[in-house]
Amino acid sequence: QVHMVESGGGSVQAGGSLRLSCATSQYIPKTYCMAWVRQAPGKEREGVASIDHDGHTTYADAVKGRFTISRDSANNTLYLQMNKLKPEDTAMYYCAADFRCWSNSDYMFWGQGTQVTVSS
């Protein structure tokens, strides 16, 4: 099984920054899409950002200009740099991967999630 482990979540004040990491226990081919997906209580899951094999990135409108997704192919790690955090960013954040990026975030592989809480 392909396992993915998120870290870097925590509690910060509005306007602060966090960097999330997702380490994989098995090699994820560089041809795979990797993504961050979040879910807040009472809300549907929301695709935050994705990065494909060419390094092409996509972002949800709500995080454009504040979040940056990147991947380190050498150590098979996915990152999400989050700046200018807002209380509405509070959610569980999951890393995910599949052979392609999915607009509905229905990915094959998932991590266990890391909690991000932003206070006003």
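- Residues Glu6 and Tyr94 meet the side-chain proximity criterion, which asks for heavy atoms closer than 4.5 Å.
- For the residue pair Ser120 and Ala14, the shortest heavy atom distance occurs at CA-CB, 4.4 Å.
- Surrounding CZ of Arg100 are more than 12 heavy atoms belonging to other residues, nucleotides or ligands, all under 6.0 Å away.
- A pairwise comparison of heavy atoms in Met4 and Ala97 identifies CE-CB, 3.9 Å as the closest pair.
- The distance from atom OG of Ser70 to atom CZ of Arg19, rounded to the nearest 0.5 Å, is 8.5 Å.
- Taking the side chain as every heavy atom from C-beta outward, Gln112 and Val5 approach each other to under 4.5 Å.
- Ser7 contributes atom OG, which lies 8.0 Å from atom CG of Leu20 (distance to the nearest 0.5 angstrom).
- Results of the side chain to side chain contact (heavy atoms under 4.5 Å, CB included) test with Val116 over Thr90, Leu80, Val12, Leu18 single out Leu18 as the only residue that passes.
- Judged by distance alone, the side chain of Arg45 and the main-chain N or O of Asn104 form a donor-acceptor pair under 3.5 Å.
- No side-chain heavy atom of Ser50 sits less than 4.5 Å from a side-chain heavy atom of Trp102.
- Interatomic distance, His56 NE2 to Ile51 CD1, rounded to the nearest 0.5 Å: 10.0 Å.
- Between Cys101 and Asp52, some side-chain heavy-atom pair lies under the 4.5 Å cut-off.
- When only modelled atom types and interatomic distance are considered, Asn83 and Ser17 share a side-chain donor-acceptor pair under 3.5 Å.
- In summary, Arg38 and Asp89 engage in a salt bridge, as defined by a charged side-chain N under 4.0 Å from a carboxylate O.
- Inter-residue side-chain proximity for Tyr79 and Thr77 is flagged as met; some heavy-atom pair is nearer than 4.5 Å.
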Residue pair Tyr93, Gln39: steps toward the side chain to side chain contact (heavy atoms under 4.5 Å, CB included) verdict: CA-CA 7 Å; Tyr93 284 72; Gln39 186 167 27; over 6 Å; no
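- Annotation: side chain of Tyr107 is in contact with side chain of Val37 (closest heavy-atom distance under 4.5 Å).
- Here CD of Glu46 is found 8.5 Å from OG of Ser105. Values are rounded to the nearest 0.5 Å.
- Separation of atoms CD1 (Ile69) and CE (Met82) is listed at 12.0 Å; rounding is to 0.5 Å.
- Going from atom OG of Ser11 over to atom CD of Gln115 covers 9.0 Å, rounded to the nearest 0.5 Å.
- The closest side-chain heavy-atom distance from Asp98 to Phe109 is not below 4.5 Å.
- Counting heavy atoms from C-beta outward, Phe67 and Leu85 have side chains that approach closer than 4.5 Å.
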